[in-house]
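The structure appears below as structure tokens.
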Amino acid sequence: MKSASPETTQPTPPALGSPASAGRHAGTARAGSGEVPAPQLTKSAGHIIVDSLVAHGVKRTYVVPGESFLDLLDGLHDSSIDTIVCRHEGGATYMAEADGKMKQTPGVAMVTRGPGAANAHVGLHTAWQDSTPLVLFVGLIPFAHRDREAFQEFDIKAWFDTGAKRVMVLDHAERASEIVAEAMFSAMNGRPGPVVVGLPEDVIREHINPELHPVIPVATGGMTTVDSAAVAEALMKSSKPLFVTGGNDWTQAAADQLTQWLERHHIPVAAEWRTQGTVPFDSPSYVGPIGYGRPRPTYDLLEETDLLMLAKLRNMGEACTAANRFIVHESVAQEFAQKFAAKMKDVA
């Protein structure tokens with residue numbers, strides 16, 4: 001038999017699953033190294049957004065499903081987040097706003113473009129007026145269709161910019177986790193409020209590195225030595241002080257501390273409109289709400305006081321008086337009452 005010439009001899013193919021075979025199919029092994037690096041794992045931007053919400057402590061989200069953010073909904077399906085499916089976007093944002101009032105992380109709502117975004121406006125407005133941390137995700141038309149008058153296309157920044165702390169659009173998939181971190185931070189930082197995040201349909205389907213952006217810590221305020229000394233002096237000179245509490249982001253510990261201090265020193269306290277509950281209704285120091293339809297006894301106290309202490313109020317609205325005022329703005333830490341009480345413990 002005639003033997004095959006060297007030119008026609010075929011090499012024996014490597015066994016399936018062998019290192020040589022893996023290197024041939026992966027196409028990533030270095031020549032002569034014998035090493036085959038593991039392929040890099042990726043996730044869609046929509047799934048990364050869900051992972052980032054979990055990392056920020058989000059327990060539930062309120063959703064009216066829509067085709068523009070299906071990848072995000074798919075990520076929610078296998079996550080630890082409870083997805084509350086709603087019938088109307090106004091109801092979804094109202095529920096998320098209430099959720100943001102009750103806990104120490106922003107409420108989260110998700111709606112689709114066009115009419116869905118329009119319906120969500122009412123809940124967003126409530127979050128703005130009540131200083132409630134809320135993040136609203138809005139599905140958008142594909143990035144490639146922008147500025148072509150695509151079906152349900154709208155300018156998300158023009159729609160929401162005057163009623164939200166920030167309006168952001170995810171135009172680059174690799175920034176998905178960063179955008180979530182920025183939105184959660186912005187909703188909580190300073191005066192809490194709503195943030196809107198636009199999600200183009202095609203961008204959230206892109207696959208990216210699954211590394212998550214770290215949580216951005218929210219800096220809290222406090223009282224300086226000068227401030228506490230000024231408050232102590234004013235209280236000692238006052239014969240009819242009146243506290244007014246506002247804001248919806250008090251911790252229970254801070255509210256309890258303030259209530260105990262007010263009761264110990266027999267100082268009356270009223271509540272700003274729509275913010276009742278910081279000091280319990282059955283507290284001997286609580287005198288009622290101010291604002292629309294305030295009771296006459298509260299009105300009289302407001303007119304007679306010679307020192308008005310405003311704790312976490314945005315403004316006094318129509319409850320104006322000529323009394324001296326000390327304003328503790330909402331940007332002050334949630335634990336204001338505890339710190340304040342510690343500094344004021346010797347004031348009679």
Side-chain angles (χ1 to χ4, degrees), residues 49-50 52-54 56-66 69 72-73 76 81-113 115-139 156-157 159-168 179-199 218 245-252 255 271-278 289 291-292 312-315 317 330-331 334:
I49 289 172
V50 173
S52 297
L53 291 174
V54 172
H56 280 80
V58 174
K59 302 299 182 184
R60 65 186 63 85
T61 183
Y62 302 90
V63 175
V64 178
F69 62 106
L72 192 59
L73 294 172
L76 286 171
I81 298 176
D82 291 330
T83 302
I84 313 301
V85 179
C86 307
R87 293 187 177 185
H88 191 275
E89 293 83 3
T93 49
Y94 270 142
M95 294 163 74
E97 194 272 341
D99 205 35
K101 276 186 168 78
M102 293 188 295
K103 54 190 182 64
Q104 299 303 308
T105 54
V108 176
M110 299 179 184
V111 302
T112 193
R113 62 197 182 215
N119 291 339
H121 257 290
V122 62
L124 201 76
H125 178 71
T126 302
W128 175 268
Q129 287 225 322
D130 282 9
S131 300
T132 304
L134 169 71
V135 177
L136 174 66
F137 291 94
V138 181
I156 189 171
K157 293 191 175 182
W159 275 31
F160 291 109
D161 191 53
T162 59
K165 292 184 68 177
R166 288 189 69 180
V167 181
M168 298 179 283
I179 289 290
V180 173
E182 286 284 352
M184 299 294 281
F185 169 78
S186 297
M188 294 290 293
N189 188 46
R191 174 189 168 189
V195 173
V196 180
V197 180
L199 304 174
V218 177
T245 60
N248 292 297
D249 58 340
W250 291 75
T251 63
Q252 189 60 53
E272 186 188 18
W273 188 49
R274 296 186 304 184
T275 65
Q276 295 94 325
T278 301
Y292 295 112
K312 295 175 73 66
L313 267 70
R314 179 162 50 91
N315 58 62
E330 283 187 309
S331 60
Q334 293 180 5

My understanding is that only residues two or more places apart in sequence, or in another chain, count here; which of them pass side-chain contact (heavy atoms from CB on, under 4.5 Å) with [X]?
| X | result |
| --- | --- |
| Met168 | Arg166, Ile179, Glu182, Ala183, Val195, Val197 |
| His88 | Asn119 |
| Thr278 | Thr245, Trp250, Ala255 |
| Ala98 | none |

Give the minimum heavy-atom separation between [X] and [Y], together with the two atoms involved.
| X | Y | answer |
| --- | --- | --- |
| Ala120 | Glu89 | N-CB, 3.9 Å |
| Gly123 | Thr93 | CA-OG1, 3.3 Å |
| Pro65 | Leu73 | CB-CD1, 3.8 Å |
| Arg191 | Ser131 | NE-OG, 2.8 Å |
| His56 | Ser52 | ND1-O, 2.8 Å |
| Thr112 | Phe69 | N-CE2, 3.8 Å |

From CE (Met95) to CD1 (Ile84), nearest 0.5 Å:
6.5 Å
To the nearest 0.5 Å, what is the distance between CG on Asp82 and OH on Tyr62?
8.5 Å
Heavy atoms, side chains only, cut-off 4.5 Å: are Met184 and Val58 in contact?
yes
With side chains defined as the heavy atoms from C-beta onward, is the minimum distance between Ile81 and Val54 less than 4.5 Å?
yes
Taking Thr61 as the fixed residue, which of Leu53, Asp99, Leu76 is the one that meets the side chain to side chain contact (heavy atoms under 4.5 Å, CB included) rule?
Leu76
Could you tell me which residues satisfy side chain to side chain donor-acceptor pair (under 3.5 Å) with Thr126, sequence neighbours excluded, listed by chain and number?
none
For Thr275, which residues count as a side chain to side chain donor-acceptor pair (under 3.5 Å) partner, sequence neighbours excluded?
none
Just say parallel, tilted or perpendicular for the rings of His121 and Trp159, cut-offs at 30° and 60°.
tilted
Would you tabulate the side-chain donor-acceptor contacts of residues 132-139 under 3.5 Å, counting partners in other chains and residues two or more places apart, or write 'none'?
from, atom 1, to, atom 2, distance (Å)
Thr132, OG1, Glu97, OE2, 2.7
Thr132, OG1, Lys101, NZ, 3.4

Would you say the side-chain atoms of Lys165 pair up with the backbone N or O of Ser186, donor to acceptor, closer than 3.5 Å?
yes
So does Pro106 get a backbone contact from the side chain of Lys103, meaning a donor-acceptor N/O pair under 3.5 Å?
yes
So, using salt bridge (charged side-chain N to carboxylate O under 4.0 Å, His left out) as the criterion, who are the partners of Lys59 when residues are at least two apart?
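If we apply the salt bridge (charged side-chain N to carboxylate O under 4.0 Å, His left out) test to Lys59, skipping adjacent residues, there are no hits.
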